[in-house]
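Index from 1, following the sequence. Just so you know, these numbers use all the heavy atoms, side chains as well, and skip hydrogens, waters and symmetry mates.
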Amino acid sequence: FFVFFLFLSIIYLINQQIEYSVDTNDNEVIRREEKHVSSSTPPIHGKLVEILGRKAQKIDWHDYAAIARDNARTGLGEGGAGVEPSTQERNSGAFQQLYRENGFHAFISENISVHRSIKDIRHPDCKKKLYLAELPSVSIIIPVRNEHLTTLLRSIYSILNRTPPKLLTEIILVDDASVKANLKSPLDNHIANLTKVRIIRLQKREGLIRTRLAGAREAKGDVLIFFDSHIEVNINWLPPLIEPIALDYKTSVCPLIDVIKWETFAYVTQDEGARGAFDWQMYYKRLPLLPGTAEKPTEPFDDPVMAGGLFAISKIWFWELGGYDEGLDVWGGEQYEMSFKIWQCGGRLVDAPCSRVGHIYRQFNPHGGLDFGDYLSRNHKRVAVVWMDEYAEYIYKRNSRIRHVDPGDIKKQVALREKLQCKSFKWFMENVAFDLPQYYPPVPLPAYAEGEIRSTAADLCIDTKHAGERGTFGLDDCVKDQQGRSGEQNFELSWRQDIRPKGREVCFDVPSRGKRTPVVLFNCHGMRGNQHFVYNPNNFHILHVATSFCLDCDVSSKMIFMDECEVEKKTQQWKFSSYNDT
Ligand code: UD2
Ligand code: MN
């Protein structure tokens with residue numbers, strides 16, 4: 001018995017010993033995390049955890065010498081000013097060629113220093129903010145497909161000039177098999193002088209998602225930051241972006257995205273932030289900030305969906321989440337995949353308003369990608385099937401291409417969701433994107449009125465003739481058969497109380513109040529304002545609520561405009577094909 005007791009005691013002591021050694025190990029958290037990381041990922045730095053253990057001393061991270069150098073700069077485009085092309089430049093073949101290749105006026109980039117200064121447009125309170133003295137190191141990953149050289153170089157120098165060197169491990173450019181003739185060797189020559197910048201070249205085109213993955217696999221920093229290849233970072237952008245990650249490695253952070261205008265390269269604000277979302281056709285959308293956010297202008301706020309291009313994530317967390325789905329091709333959908341899995345699998349996504357990064361929004365997508373077929377529908381299908389549960393049906397209802405496209409092999413993604421015990425999409429909709437259905441209802445609500453809008457003053461109908469944004473329009477002969485003619489006379493007074501050509505995302509918009517003010521088409525914002533109309537079936541008026549003016553017309557010139565309402569005026573009386581008064 002004694003021997004048996006001794007044996008039990010020894011077993012007990014050994015157990016205690018093991019537990020004790022685990023409990024007191026400084027790297028305990030890291031060890032636990034390491035277990036989740038696949039063996040193909042690089043070794044992990046212990047730094048994130050070191051920081052958590054230390055007293056959180058905060059410091060002012062501003063580089064005042066760099067700010068002074070920026071302020072002293074003079075020249076074209078400095079201070080983030082826009083540069084207008086001369087008429088001669090604008091008419092040149094090179095100017096137009098560069099626009100076609102890039103979807104922005106890359107020609108302007110040649111006239112601006114790659115070291116230019118930008119304007120500090122942060123909220124004034126950001127200038128006083130302190131951040132943790134110990135922050136993790138970062139690897140910045142930039143996919144590059146046929147980028148314009150000086151625009152790319154400006155992205156790189158803006159980072160090198162405005163990032164604390166001790167936090168910047170490296171900038172990794174990943175060239176997605178670019179085919180631009182004058183890109184490769186000038187880029188190599190430049191980079192040869194920059195110790196922290198390196199380039200990985202892919203043998204064949206992989207699309208931006210696998211290109212980012214290739215960079216992430218090589219990254220040595222604690223935090224991965226993904227950027228597009230046409231950005232400029234603003235003053236002190238990095239500390240606010242990574243502090244939330246130092247505090248909780250499962251928090252991922254987006255900067256506020258400013259606009260570098262595609263026409264002039266002017267650096268301007270978009271607004272003071274919004275919360276990212278989507279509609280049920282999978283278009284990226286923005287929701288207003290929640291009440292209370294504006295009162296704390298320097299504090300990170302929850303963001304349901306990232307825009308996609310610019311964000312920071314702990315390297316450990318990125319690989320725990322399996323990185324990106326490698327089955328996503330070319331462009332698009334990855335912002336949903338990453339956002340949904342961050343939230344559903346126990347993380348958090350925030351926007352840090354004191355971290356601002358400018359981005360050139362292109363006028364069109366110059367990447368092509370025809371070899372990949374309908375990659376966007378396939379990407380959306382993969383995301384919907386893996387992450388959206390029963391809500392995927394709302395997507396399929398709106399877009400049958402997504403319903404019918406084959407998502408390919410999704411076993412790995414499904415297994416990951418299972419392994420991490422990720423929450424349902426219902427949870428995401430109820431807890432994170434809880435106000436989304438208010439703006440983008442999953443089940444479409446009925447329109448107030450539909451069909452043609454016929455004037456009672458003459459046998460004429462409103463016809464937008466497929467005009468684009470900012471387009472004006474007027475009256476034309478009513479189309480008897482909607483299929484037979486080239487006009488666009490089929491409208492909807494939607495449940496949002498805006499008027500739009502059926503199936504399109506442009507709305508009647510009245511930007512000002514005054515006699516005979518024109519009506520233009522504008523991207524629908526769904527926020528009423530300038531796009532808010534109501535129909536009165538008793539006097540047949542179409543009333544613009546904000547101006548209290550009525551839709552009016554001139555029969556001989558076939559023009560339409562807004563004017564003071566007059567009850568008996570025939571030119572202000574309109575009939576929809578159908579009106580739903582419930
Ligand atoms: C937005 C995102 C972008 C990405 C995309 C959806 C922002 C500011 N930008 O589109 O990052 O999330 O939505 O997927 O949120 N590229 C390649 N290979 C390709 C195509 C593109 O490497 O086949 C590179 C390209 O050089 C650029 C980046 O990927 O650096 C993003 O492409 P983009 O700038 O054309 O996308 P964008 O801004 O329209
Ligand atoms: Mn971009």
**Prompt:** Who are the side chain to side chain contact (heavy atoms under 4.5 Å, CB included) partners of A384, not counting sequence neighbours?
**Reply:** M388, A392, Y396
**Message:** Could you check whether D325 pairs with K341 (Lys NZ or Arg NE/NH1/NH2 to Asp/Glu carboxylate O, under 4.0 Å)?
**Reply:** no
**Request:** Please identify each residue that fulfils side-chain hydrogen bond (donor to acceptor under 3.5 Å, both in side chains) with K502, with sequence neighbours left out.
**Result:** E450
**Message:** Using a 3.5 Å distance criterion without hydrogens, assess whether the side chain of E232 forms a donor-acceptor pair with backbone atoms of S155.
**Reply:** no
**Prompt:** Between F508 and F491, how do the two ring planes meet: parallel, tilted or perpendicular, split at 30° and 60°?
**Reply:** perpendicular
Pair up each side-chain donor or acceptor in residues 290-299 with any protein partner under 3.5 Å, not counting sequence neighbours, and list the distances.
{"from": "T293", "atom 1": "OG1", "to": "L290", "atom 2": "O", "distance (Å)": "3.0"}
{"from": "E295", "atom 1": "OE1", "to": "G292", "atom 2": "N", "distance (Å)": "3.3"}
{"from": "E299", "atom 1": "OE2", "to": "K129", "atom 2": "NZ", "distance (Å)": "3.2"}

**Prompt:** Between the side chain of Q489 and the main-chain N/O of E452, is any donor-acceptor distance below 3.5 Å?
**Reply:** no
**Fill in**
side chain to side chain contact (heavy atoms under 4.5 Å, CB included) filter on V405, not counting sequence neighbours, yields S377, R378, K381
**Item:** Cationic tip of K575 above F540 ring, under 6.0 Å, 45° of axis
**Value:** yes
**Prompt:** Does the distance from a Lys or Arg side-chain N to an Asp or Glu carboxylate O, for E78 and R116, drop under 4.0 Å?
**Reply:** no
**Message:** Between W280 and Y440 (side chain of the first, backbone of the second, donor and acceptor by atom type, cut-off under 3.5 Å), is there such a pair?
**Reply:** yes
**Message:** Applying side-chain hydrogen bond (donor to acceptor under 3.5 Å, both in side chains), can you list everything that pairs with T269, at least two apart in sequence or on another chain?
**Reply:** R356
**Complete:** Rounding to 0.5 Å, atoms CG (D176) and NE2 (H367) come to a distance of 9.5 Å
**Request:** Could I get the full list of side-chain hydrogen bond (donor to acceptor under 3.5 Å, both in side chains) partners for D279, not counting sequence neighbours?
**Result:** none
**Prompt:** Ignoring hydrogens and geometry, is there a side-chain-to-backbone donor-acceptor pair from W343 to P304 under 3.5 Å?
**Reply:** yes
**Message:** I'd like to know if the side chain of Q497 reaches the main chain of H532, judged simply by a donor and an acceptor atom lying under 3.5 Å from each other, with no hydrogens or angles considered.
**Reply:** no
**Prompt:** Do we get R403 above Y394's six-membered ring, with its NZ or CZ under 6.0 Å from the centre and within 45° of the axis?
**Reply:** no
Indicate every side-chain donor-acceptor pair of residues 281-288 with a distance under 3.5 Å to a residue at least two apart or in another chain.
{"from": "R286", "atom 1": "NH1", "to": "D271", "atom 2": "OD2", "distance (Å)": "2.7"}
{"from": "R286", "atom 1": "NH2", "to": "D271", "atom 2": "OD1", "distance (Å)": "3.3"}

**Prompt:** Mind checking what makes side-chain hydrogen bond (donor to acceptor under 3.5 Å, both in side chains) contact with D389, not counting sequence neighbours?
**Reply:** R417
**Prompt:** Applying ring-ring contact (aromatic ring centres under 6.0 Å, His included), which residue pairs with at least one partner in residues 544-578 are found, sequence neighbours left out?
**Reply:** F533-H544, Y535-F576
**Request:** Any pair with a residue in residues 494-548 that passes disulfide bond (SG atoms under 2.5 Å apart), sequence neighbours left out, goes on the list, sorted by first then second residue, please.
**Result:** C507-C524
**Side-chain heavy-atom pair K558, D554 within 4.5 angstrom cut-off** = no
**Residue pair H541 / N536, side-chain donor-acceptor N/O under 3.5 Å** = no
**Asked** Considering residues at least two apart in sequence or located in another chain, which fulfil the disulfide bond (SG atoms under 2.5 Å apart) criterion with C254?
**Response** none
**Prompt:** Just by distance, with hydrogens left out, do S109 and T150 show a side-chain donor and acceptor under 3.5 Å apart?
**Reply:** yes
**Item:** Side-chain ion pair, E263 and K261, N-O less than 4.0 Å
**Value:** no
**Message:** Going by disulfide bond (SG atoms under 2.5 Å apart), name the residues that satisfy it together with C553, two or more places apart in sequence or in a different chain.
**Reply:** none
**Asked** Within the side chain of D120, is there an N or O that forms a donor-acceptor pair under 3.5 Å with the backbone of R122?
**Response** yes
